[in-house]
Protein chains: 2
Amino acid sequence: MIAPTPAPPYYAVIFSSRRTDDDHDYAATAEAMVRLASQQTGFLGLESVRDADGNGITVSYWESEAAIAAWRQNAEHTQARQRGRAQWYAAFSVRVARVDRAYGTELDPPA
Amino acid sequence: MIAPTPAPPYYAVIFSSRRTDDDHDYAATAEAMVRLASQQTGFLGLESVRDADGNGITVSYWESEAAIAAWRQNAEHTQARQRGRAQWYAAFSVRVARVDRAYGTELDPPA
């Protein structure tokens, strides 16, 4: 569950969302997007949790802002985002952030 | 669920964790920490999700790194973190990041 990211700096995309009741194609698309993201240049890892009420947070980690921009332009991802807005998410937010410090049980200690 | 944060820049603390089976005092302490965090100077909001498998992501948002440092030094928070490491979390990571861009259904559009 905890992504084994390298030492900072790197970038995070924090995607928070509340799902609709519309499950049509959702799970398969979500899985396909995780698989596709993980194949992109500059992808470092991903953490994703959704609770029983439909609230979810997915954080993906990237080497650079350029890697995030390229993933955003991926055609399948663009199509999935459009369906997400129209169909699967009642509300969402996207935040792009630069990670400056990181530590934990499965990460290297701060330098 | 989605924190109504102001326009960037601001800071995020991304706390990812996997719970142990030890529930003793956990829920009450977690609730108390959310309440206490929200009273701190520079606190902007918080999003938190935990799934049925015990995987959780909590993202708190702050005006400045100084606000994060002050919250980290809060005595009750420090004690709760120590219990968390010893008792409640099988694994965790903390990442401190500067949010540079944000958008979504409940946030203002990018400038």
Side-chain angles (χ1 to χ4, degrees), chain A residues 1-20 44-62 65 68-69 72 81 84-86 88-110, chain B residues 1-20 44-62 65 68-69 72 81 84-86 88-110:
Chain A
M1 140 72 184
I2 293 175
T5 42
Y10 52 86
Y11 292 82
V13 179
I14 306 165
F15 176 68
S16 305
S17 63
R18 198 171 65 242
R19 287 270 287 109
T20 61
L44 297 177
L46 183 142
E47 298 166 347
S48 191
V49 174
R50 188 167 302 280
D51 69 17
D53 295 329
N55 295 311
I57 301 176
T58 297
V59 190
S60 58
Y61 300 104
W62 301 87
E65 296 204 74
I68 293 171
R72 193 174 157 76
R81 285 204 312 279
R85 287 170 189 241
W88 297 314
Y89 298 118
F92 74 90
S93 63
V94 176
R95 294 179 177 93
V96 180
R98 189 190 71 204
V99 178
D100 290 318
R101 294 201 307 280
Y103 57 93
T105 54
E106 290 164 41
L107 298 175
D108 290 332
Chain B
M1 140 73 185
I2 293 175
T5 43
Y10 51 86
Y11 292 82
V13 179
I14 305 165
F15 176 67
S16 305
S17 64
R18 198 171 65 242
R19 287 270 288 109
T20 61
L44 296 177
L46 183 142
E47 298 167 346
S48 191
V49 174
R50 189 168 301 281
D51 69 17
D53 295 330
N55 296 311
I57 301 177
T58 297
V59 189
S60 58
Y61 300 103
W62 301 86
E65 295 205 75
I68 294 171
R72 195 175 156 74
R81 286 203 311 280
R85 287 170 190 241
W88 297 314
Y89 298 116
F92 74 90
S93 63
V94 176
R95 294 179 176 95
V96 180
R98 189 190 70 204
V99 178
D100 290 319
R101 292 200 309 278
Y103 58 93
T105 53
E106 291 164 40
L107 298 175
D108 290 333

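All heavy atoms count here, side chains included; hydrogens, waters and symmetry mates do not. Letters A, B, ... mirror the listed sequences (proteins, then strands); counts begin at 1.
- Nearest approach of Ser16(A) to Met1(B), heavy atoms of both residues: CB-CE, 3.8 Å.
- Contact of the Asp51(B) side chain with the Val49(A) side chain is registered, since non-hydrogen atoms from C-beta on lie closer than 4.5 Å.
- For chain A, the nearby part of Tyr10(B) is the side chain; its heavy atoms alone come within less than 4.5 Å.
- Electrostatic pairing of Glu47(B) and Arg95(A) counts as a salt bridge here, judged by a charged N lying under 4.0 Å from a carboxylate O.
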Please test Glu106(B) against Ser93(A) for side chain to side chain contact (heavy atoms under 4.5 Å, CB included), starting from the C-alpha separation and ending with a verdict.
-> CA-CA 7 Å; Glu106(B) 291 164 40; Ser93(A) 63; over 6 Å; no

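- For a residue to count as touching a neighbouring chain, one of its non-hydrogen atoms must lie under 4.5 Å from one of that chain's; by this rule Arg98(B) touches chain A with backbone and side chain alike.
- Both the backbone and the side chain of Ile57(B) come within contact range of chain A, each with at least one heavy atom under 4.5 Å from a heavy atom of that chain.
- No side-chain heavy atom of Arg50(B) sits less than 4.5 Å from a side-chain heavy atom of Arg50(A).
- Taking all atoms of both residues into account, the shortest heavy-atom contact from Ala91(B) to Thr105(A) is CA-OG1, 3.2 Å.
- Applying the 6.0 Å contact sphere to CZ of Arg101(A) captures no more than 12 heavy atoms from other residues, nucleotides or ligands.
- Between Leu107(A) atom CG and Phe92(B) atom CZ the span is 9.0 Å, to the nearest 0.5 Å.
- With chain B as the partner, the residue from Val99(A), Val94(A), Asp100(A), Asn55(A) showing the most heavy-atom pairs under 4.5 Å is Val94(A).
- Here Gly56(B) is the residue among Pro9(B), Pro8(B), Gly56(B), Ala12(B) with the most heavy-atom pairs under 4.5 Å with chain A.
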